[in-house]
Structures are given as C-alpha cells and as structure tokens.
**Q** 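Before we start, here is the structure in question, set down as structure tokens.
Note that this is a predicted model, so its numbers are computed, not measured. Sequence lines set the chain letters: A, B, ... in the order given, protein chains first and strands last, and positions in each chain run from 1.
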Amino acid sequence: MSRRQYPFHLIEPKWQSHWDATSTFRAFNPGEEIPPQHPFALRHQLRGAPLATELPPKFYILDMFPYPSGSGLHVGHPEGYTATDILARYRRAAGFHVLHPMGWDAFGLPAEQYAVKTGQHPRVTTEQNIANFTRQIRSLGFSYDWSREVATTDPGYFLWTQWIFLQIYHAWFNPQTNRAESIDTLKYPAECTTESQRRAYRDARRLAFVSEAPVNWCPELGTVLANEEVIDGKSEVGGFPVIRKPMRQWMLRITAFAERLLTDLDTIDWSDSLKEMQRNWIGRSEGAEVDFQIEGNAEKIRVFTTRPDTLFGATYMVLSPEHKLVSEITSEPQAAAVQGYQQFASTRSDLERTELAKEKTGVWTGAFAVNPVNGQRIPIWIADYVLASYGTGAIMAVPAHDERDLEFAKKFDLPIVQVVQPPDPKTDWHGFTNEGTAINSSSSEVALNGLTTSEAKRTISQWLESRGLGKRTINFKLRDWLFSRQRYWGEPFPIRWQRDSDGTLYHEALPSTALPVLPPSLEDYKPTADGQPPLARAKDWVQLPDGSIRETNTMPQWAGSCWYYLRYLDARNPQSFVGNQAESYWMGTAASKTLGDRRPTPGVDLYVGGTEHAVLHLLYARFWHKVLFDLGHVSTAEPFYKLVNQGLIQGEDGQKMSKSRGNVVNPDDVLREYGADAFRLYEMFMGPLQDSKPWNTKGVEGVYRFLGRTWRLFIDEASESQFEQACTVDPHNAATHLQSIQLAPNVQEIPADAHHLKPLHACIKKVTEDLEGMRFNTAISAMMVFVNEAMGWEVKPVSVLKTFAQLLAPFSPHIAEELWSMLHTQRADPGSVPSLIYSPWPTHDPAWLIEDTLEIPVQVNGKLRDVIRVPATSDPATIEAAARSAEKVLPFLDGKTIRKVIVVPKKLVNIVAS
RNA sequence: GCCGACGUGGUGGAAUGGCAGACACAGGGGACUUAAAAUCCCCUGGCCAGUAAUGGCCGUGCGGGUUCGACCCCCGCCGUCGGCACCA
C-alpha cells in the first residue's frame, strides 16, 4: 500500500457526474433537437435540429458488447473499451461526431442454468448482472452515450430481432441476381399445382427453413449446437460430449452468401490473419462434379473432386455411410456387412470420428461403377472418412494422389495407379498431391498425358462437359447455420405450426403485430421429460386459440448480437429497427460534411473485440447485414469497416486468467487503490493492443506515479497539504476542499519560448501520430518524456500546460479535466470553463522541431565510431569532410584506403575502407 | 499435418533498412528523514582492459544470403501461441 499520489477518489466521481449532468457524450441523430448550450453544439455552431449534411462527419466506434456474467468485469474487458474510449475522445476533439455506445448481450446459458437450479427467473439474474457491469464500466469513465444502451433481452429490442428473423423467413436467395429477395418473387415450376405443393416448394427455398438433418446434440446442455460451437466433438461451452442425432431444426441459409462473404472480405480493413480465418471457415474449393454409372443399375453416382485431372487414377469409389444410394446398390451377400457398418458409423460420436481418424474403416457394397473416362470397372465402398455433408457425399478415390485414399487402399488392398508425375523424378509418386505432369491418362477419346496439372484439369473438364458426364463446380465447407436451441432464455420464434386439410404439418409466420413474442412464465426451466424444449412446458402459451401451436425452440445467443450495432443508431425508435436517416448518416452513406479529404467510412469505423469471435459472431453478423442490405433495410454491404482484435491479458504468472488458477485481477480492486485514470493508462501502456501480455501490478504503480508527477507539475504542494488536513478534520466535505488546491506559483501566464515549445510540439506530434496508428503505449511514453522534461522548468507557461492536458485527456480524462479547469480562472464554476472534451485537438508546428545542428553518427565499415555535430544546413560534401576527419574515426582509417563513403542526409555517414 | 502470427536486457516493451534496448518495472547507490514510507538525483545488456575519464569486443531464437549497412528484406531450420483439421 502506497501513499495516495493525488486525490483521484474525489476527482473521478466529480467529473463523471459532471459529464452525466451535462450529457457531454450524447450523440445526436440527424433531425434531433440539440440543446443550444451543449458543448457539441457550441463547438460546431449548431442550433436546432440539423440535417445530416449540417452535422460534422460521423465516426462510429464500437466495442463488442459483453455478456453480463455473474462474476463481473475482469481486466480483459476494459482493455478494448479503453482503447476505443481513447479514440472516441480523440475523434471528438478532432472535430468528428462520434457515436460510441454500449449494451448487453444478455441472453445466455449461465442465467438459465442458475434458473434451473434455483427457480429464480433468468431475467432477475440478468438484471442484477447488468447493474453490476454498468457500475463497473461507468466507474472507468468511458465516454459512452448511455442514452443508446441496449440489452438483447429487452422486449423492445428482441421485438426487432424477431422482426429481422421474419424478414429472413420471408426471403429467398435468387441465384440469378445473387441476392436475397422477397419470397413473393419466387417463380413456381409447372408441377406445383396445389397450394400445398407450392407451400412445400416455397418453404424449401426460404432463407429460414426447417431441416430434419442430423444435428449436434449435447445431452449435458440439453440442446443442439451449431457446428461452430462444437470443438473436437465437445461443446465449446463446458466441454461436454456431443453426439449426432437427427432432429427437426430451424436453419438459416448462410451458404447462399458464401461467395459474397468471401469476396467482400477484400473491401474491408481487417487483419490478414482474421480474414484468413474467415476464408478457411468458408472453405471455397474449385473442382468438378463427375457422374459414374453404376453397373447393373440405372442410377449414377455423382462425386465432387478438386482433381478431375486424376480421373484415370480412380480405382474405386467411396460413398458416405448415409448416402441415399447405399441400400439401393448393395448386393445381397454384402447387405449384412453394409448395414452393420452403417450402424457402427451412426453411433460413432463426432469425438470418436475425430480421435480415431488415423485408422480408416469401411466395407464394400458389392457393387461396381464404371469409370467414365476409360470404362474400367471399379468397386464401390462405403466409409465414414467420406462426409455426407460435404460435396455430394461421394468420392472417386485416387489412392496414388490422395493421402486418405492411399491409406484406405493400402489397408483394403485396392489398386494404386499413378497418373501424375512429380516435377522432381526423385519424389515418390505414392500419395503425391501437388501439381505435376499427367501420365497414364490417355484414351481414344481424351488425351492428358504430358499436360501440366492445370492444363489437364481444363482439358478433362471440357471433355466431361461436352459429354454431359460432369461439370465444373465450386464447393464450400461452410454449412447452413443451425439456428434453433432447446432453451428458455432466448428469443422465441415468431412462428406457429398447423395442419392443412391433408393433415400435413406446416409452419407460418406470426404477423408483425404479434411481436414481441414474449417467453412464457415457467416454474421449471428444464427441458421436458420427453426431450421437448422448456417452452413446451407452458401448455397455455403453446396452444393458440385457432388450434395452431407455437414453435417452442428459441434462437441462439448469436441472434441478438447479429444486429445490435444497428440498433444503437436509433435505439429508441418504436417504428423501425433503425430509421433510414439515422442509418445512412451513421453508416456513412448519407451526403455529409467531410473533414479535410476524409470521406465518411462505409459502416462502423472501428470495431474492437476479442479473437474468440473471429468466425462465429463476425460471420453471422455479416450474413444478416447482407440480407438486410439486399432487402433494402440498410445501405452498406458490410457492417464493420475496420476491425481490431485486442490481445489477451494474462495473469501475473503469464498464464491465462482463470478462477481455478487464482490469478484473476478484479478491476474494482485496482480502481480502489490507483483510480480509473491509472488503470486505463496502464491497460494501454502494457504493450500493443493486439498482443497478449501479462498483468503486472508493479506496472500499474509506475503509471500511477507518472500521474502523480503530472499532478505535482501543475499544483502547489503547500495548498495540497492544507487540503489534506482539511479533509482529515472534516472528511464529509472532502469534495469541497478540493477547491482549495491551487496551481503551483511557477505556473504563470507567460509567453512560452522554444525550450517549452520544442518538447511540447514533439509530444503533440508523437501522441497524435500514435493515436492515428493505435500505438497507445508509445503515445503514453511520449507524454512521460514531456513531463520528465517539464519537471525541470523554473516557470511553466499556462498555455503549454493547457495543451498538455488536452493530450492527456483521452487517456486519463478525469485528472486532465481537473487540471484543465484549474488552468482556467473561472475554475469555481465548472459550467463556464470551456469544455475540454470538445476543445479542438492541438496540432504541432513543425517549425519548433527544426534543429540548428544535427548529431550524425559516423560508421567505418558499418561500425559506429563517432558522432559528429554539424549545422543542419550542411551539404553532403561538408558532412563527409567532417566525418572523415572526426577524431575517433581517424585511427580506424589509418593505413587503409577509403573505397566508398555513403552519406545519408540528416541520418548517418558510413565510410567503407580496407 | 495445413494456415496465420510471433521470438529483442532480469521483466513489459521501443526502434520496420541507418546510433539496438525509448518509456516503464525490478535491482543497486545516494539525498531528505530520529526512522520508515513517499519524493528527488545517479547507475543499470554481457564480456574484457584501465585507478579513472574512457576504450575495445560480443549481442535482437539458430544457420545461411542480399546490402556500404539487417531486429527489420530473402532462403532453410528450431521454438511459442492462435486457428483449422478425413472438406475429396
């Protein structure tokens, strides 16, 4: 425990209340009335209700909103929040109209599990947690516009989540236009004559559809999970085993957007590694589909291959065990073995399939197919190394040039035929999968021999297409999004089920007037005994008066986070999920003012959050945004223009923070001891935002001492001692006693001269450039350098200190406000001090940074030998002469011939001698 | 296995082709103090020589290359972290 460096415990609440009371951080929508005395109105000379074109250019800075867990904030959350807050404050000062909101991703499993255990409604738990998170986040002095706060669990919010679901439900993907369109534009084929047929056709094409496919069922969690939520056969949450089970589920047709989700990555400013993760997840691969005739059967087997050039090397085929032709083609003698294998494969959990991947299994169906290129008879096998859900669920096996096929062929003694010659003849061709030259690949009809792999691909594809045997295709790894969960604490689907006159069960959207669909009250939050979701317990709720029944699944947690950044734009709009004016202004597509030559960014200007959302949230949100874009509800094709992932903050031991390791740092404790300003400063001083780095309490003390030193640079220590005595005597009026702290006597209204302005302008330059590049750690270091220098001044000009307070303000806003107000004579009335938040950001004057003399290092053969001082105006010849005759250089030139002299103006001289 | 990031003092980090180690932590020494805390000042990559001022050599994971000059660019390895993983 150290002595308090400065009264942060009084300063921080003081300025937080001031900002609240004056709504300092309110952002105003176009057309919204702005109070004339609001500092934003004063700064930009705005009155009344300005149009988008009259407002300053927008800057939308977004944090990934947190799940308000019961354990509260940990030091990792505020890392990103501090970075965005610093930039929000900097942009405000620089003249932008900043949107910086915060909210709660409040649906989620923990509150529900607590409800199952205790019977306490998840809403109660959620509200308590939100209150705690709000308190913690507010104590850090972030400049959020709290009037735009949203919670995904608020009926006023999830009404619109349900509404967006309905837009998706009422849409289909038109491959002709490559975009989502209203389901009304769907054309029905002639065979669909009855309404029931048309409905079936329509429902199969909606962007939100029902599927009976096998899903990832987690018995422990009592719910299905999306593929993305399953890691190594275990649930991402909790690590419980996941099995595959066929169930009726809601799906969203994200695969229709695969190509656009991929190509539009080129239009946004994300890190290469993040884009690469999304690309891998989408998994585009070009190849061909080829039809193989089954011997003695009218059916064909269609396979997908990326290597049609190896068709001559296909020596057998493999169907996935679930392939629909398996039972059809299986021969009598093999029937028992095939069924046995299908049984085996279906009970193998994903975990077993993954862990036992090394050992290939499979059985022969007894059937043969004909290789279309050479008429060869090849056996058809089934094996679970072929996945039903990728491509066509069937492959042609080319063991010579595919590692998996090779392994399988070796195990089951199947023929291996080389058809690609590796470029280096010494390379073993067994399992050679790279590009080479085609061999053994010619027939009377088509000749590939001698062609390179890419030529061979082209030639064979053309041949297949001309014969109607196959065609070029593109496949994606991306699967449709499994969108329903068997949970209570999520958005209910605005859907009901009924039977038509034939008795066929079908689904129908509830009218938008029925929104929001609220979850029913329950006594018990567990799934039902027969495995129905918890909502099925509410019998009265499920049963609608007209005899139809409600959908009892709920939406996954991702639903609410797919569009929250849009709700912030117009958070209280009761008519629409976001108003057009607000949307086009904040998303940068409305005509508006510019700042310099800077155009408004399309989409969110900066989005900061953790890498854990690299594929899930970011892909789902981009998908929803594209649907909304196609349907005309938003004006940009992408939601998040620039995205930055903050690194992980580890415990003091360098390990990941976790309760079980006991290395969790609670921000509340740090704030109590050092204050919010020091906390914020330390989070940024630790290192680059994107890097992972360990917490170190000693490091907090370091920046805390810096703030103490800054404080003492400004204030009179005698008056502070009096203040402390007054506080001891009369602790209840401590905040009032703050007024008695005075500026140091050597802080004076005098003109600044070069020895003040040179370090100041160097600091302005460095801090500004580093803010633009998000290099917060070096910006802070530049401020430390300035303070260390200024501590030595005999007299400190008020103007210089004011500018420094502005530089410090984005980082440590409370102390900056206090010092700023002290530098103004009307300090006693904070309302009359010009707003620090909206004071124009200082610019540096390069004139102050020009040096008269330069120190130029002199090297001999690349090694530093001396440093010479020359007038800044010296020409290269003069510098060279000075370098050659430098005292410490001469001994190294003795007896040598100078071969070359490199003079880098203003930087360095290198003399090459031998 | 594949893809991507990264590797610098005792520690966090700085320098992206031009004086390696800014800034800070830790450590050491000193001032103030009855004492401690706080504060302020000085030293602080390693090795060698010198009483000292100082000087020399080595040094950015390892090995090679390009260059007058490489932490930085290129090639090959090793290690750490993150992602994907039977996707035909």
**Q** Less than 4.0 angstrom between a side-chain N/O of A:Lys693 and OP1 or OP2 of B:C25, yes or no?
**A** no

**Q** For A:Asn777 and B:A14, is the shortest distance between a side-chain N/O and OP1 or OP2 below 4.0 Å?
**A** yes

**Q** Between B:G13 and B:U66, how far is it from one C1' atom to the other, in whole Å?
**A** 30 Å

**Q** Checking A:Asp677 side chain against A:Ile815 main chain: does a donor-acceptor pair fall under 3.5 Å?
**A** yes

**Q** Can you confirm whether or not the ring centre of A:Phe679 sits under 6.0 Å from the ring centre of A:Tyr704?
**A** no

**Q** Evaluate salt bridge (Lys or Arg N to Asp or Glu O under 4.0 Å) for A:Glu407 paired with A:Lys411, printing each intermediate quantity in order.
**A** CA-CA 6 Å; A:Glu407 198 187 324; A:Lys411 174 154 175 186; over 6 Å; no

**Q** Nearest whole Å is fine: how far is B:G18 P from A:Glu855 CD?
**A** 18 Å

**Q** Under 4.0 Å, heavy atoms only, any strand: does A:Ser273 hit a base, just the sugar-phosphate, or nothing?
**A** sugar-phosphate

**Q** Taking pairing as Watson-Crick or G-U wobble with both contacts under 3.5 Å, can you name the mate of B:C68, or confirm there isn't one?
**A** B:G18

**Q** Is there a side-chain contact between A:Arg705 and the phosphate of B:C25, meaning an N or O under 4.0 Å from OP1 or OP2?
**A** yes

**Q** Whole angstroms only, please: what is the CD1-C1' distance between A:Ile780 and B:G12?
**A** 13 Å

**Q** Quickly work out the A:Trp270 CH2 to B:G4 C1' distance and round it to whole Å.
**A** 16 Å

**Q** Who is the Watson-Crick or G-U wobble partner of B:G7, with both distances under 3.5 Å?
**A** B:C78

**Q** Do the side-chain N or O atoms of A:Arg4 get closer than 4.0 angstrom to the phosphate oxygens (OP1, OP2) of B:A37?
**A** no

**Q** B:A88 P sits how many Å from A:Arg284 CZ, rounded?
**A** 12 Å

**Q** Quick check, are the ring centers of A:Tyr341 and A:Phe344 under 6.0 angstrom apart?
**A** yes

**Q** Report the distance from atom CZ of A:Arg869 to atom C1' of B:C19, rounded to the nearest whole Å.
**A** 14 Å

**Q** Does A:Ser285 place a side-chain N or O at less than 4.0 Å from the phosphate oxygens OP1/OP2 of B:A88?
**A** yes

**Q** Quick check on B:C68: is either OP1 or OP2 less than 4.0 Å from any side-chain nitrogen or oxygen of A:Lys900?
**A** yes

**Q** Please state the P separation for the pair B:G65 and B:C72 - nearest whole angstrom.
**A** 14 Å

**Q** Is the base of B:C19 touched by the side chain of A:Lys907 through a donor-acceptor pair closer than 3.5 angstrom?
**A** no

**Q** Tell me the interatomic distance from A:Ile879, atom CD1, to B:C68, atom P, rounded to whole angstroms.
**A** 21 Å

**Q** Taking the C1' atom in each of B:C68 and B:A52, what is the distance between them to the nearest angstrom?
**A** 37 Å

**Q** Take A:Leu274 and A:Gly702, find for each the nucleotide of RNA chain B with the closest heavy atom, and name the residue whose nucleotide sits nearer the 5' end.
**A** A:Leu274

**Q** Between A:Lys457 and A:Asp309, is there a side-chain N and carboxylate O pair less than 4.0 Å apart?
**A** no

**Q** Return the nearest nucleotide to the side chain of A:Val386; candidates are B:A88, B:C3, B:G56.
**A** B:A88

**Q** Looking at A:Ala400 and A:Val417, what are the two nearest heavy atoms and their distance?
**A** CB-O, 3.1 Å

**Q** Below 4.0 angstrom from OP1 or OP2 of B:C40, is there any side-chain N or O of A:Arg712?
**A** yes

**Q** Rounded to the nearest Å, what distance is computed from the NZ atom of residue A:Lys698 to the C1' atom of nucleotide B:G12?
**A** 15 Å

**Q** Counting any heavy atom closer than 4.0 Å, what does A:Phe706 reach on the DNA or RNA strands: base, sugar-phosphate only, or nothing?
**A** nothing

**Q** Between A:Arg472 and A:Glu286, is the closest basic N to carboxylate O distance under 4.0 Å?
**A** no

**Q** Looking at A:Lys360, does any N or O in its side chain come under 4.0 Å of the phosphate oxygens OP1/OP2 on B:C86?
**A** no

**Q** Go through B:C57, B:C86, B:C23 for me and flag the one nearest to the A:Tyr385 side chain.
**A** B:C86

**Q** Report which part of the nucleic acid A:Glu403 touches: base, sugar-phosphate, or nothing (heavy-atom distance under 4.0 Å, all strands).
**A** nothing

**Q** Any side-chain N or O of A:Gln690 below 4.0 angstrom from OP1/OP2 of B:C6?
**A** no

**Q** Side-chain N or O of A:Asn788 versus OP1/OP2 of B:A24: is the shortest distance under 4.0 Å?
**A** yes

**Q** According to a strict under-4.0 Å criterion, is A:Tyr390 in side-chain N/O contact with OP1 or OP2 of B:A88?
**A** yes

**Q** How many Å lie between CZ on A:Phe811 and C1' on B:C23, as a whole number?
**A** 13 Å

**Q** Using the P atoms only, state how far B:A35 lies from B:G30, rounded to an integer number of Å.
**A** 14 Å

**Q** Identify, between A:Leu908 and A:Ser389, the residue whose nearest nucleotide on RNA chain B lies closer to the 5' end.
**A** A:Leu908

**Q** Could you give the distance separating B:G46 and B:U8 at their C1' atoms, to the nearest angstrom?
**A** 14 Å

**Q** Given the P atoms of B:G4 and B:G17, what is the spacing between them in whole Å?
**A** 22 Å

**Q** Below 4.0 angstrom, N of the basic side chain to O of the carboxylate: do A:Arg4 and A:Glu724 qualify?
**A** no

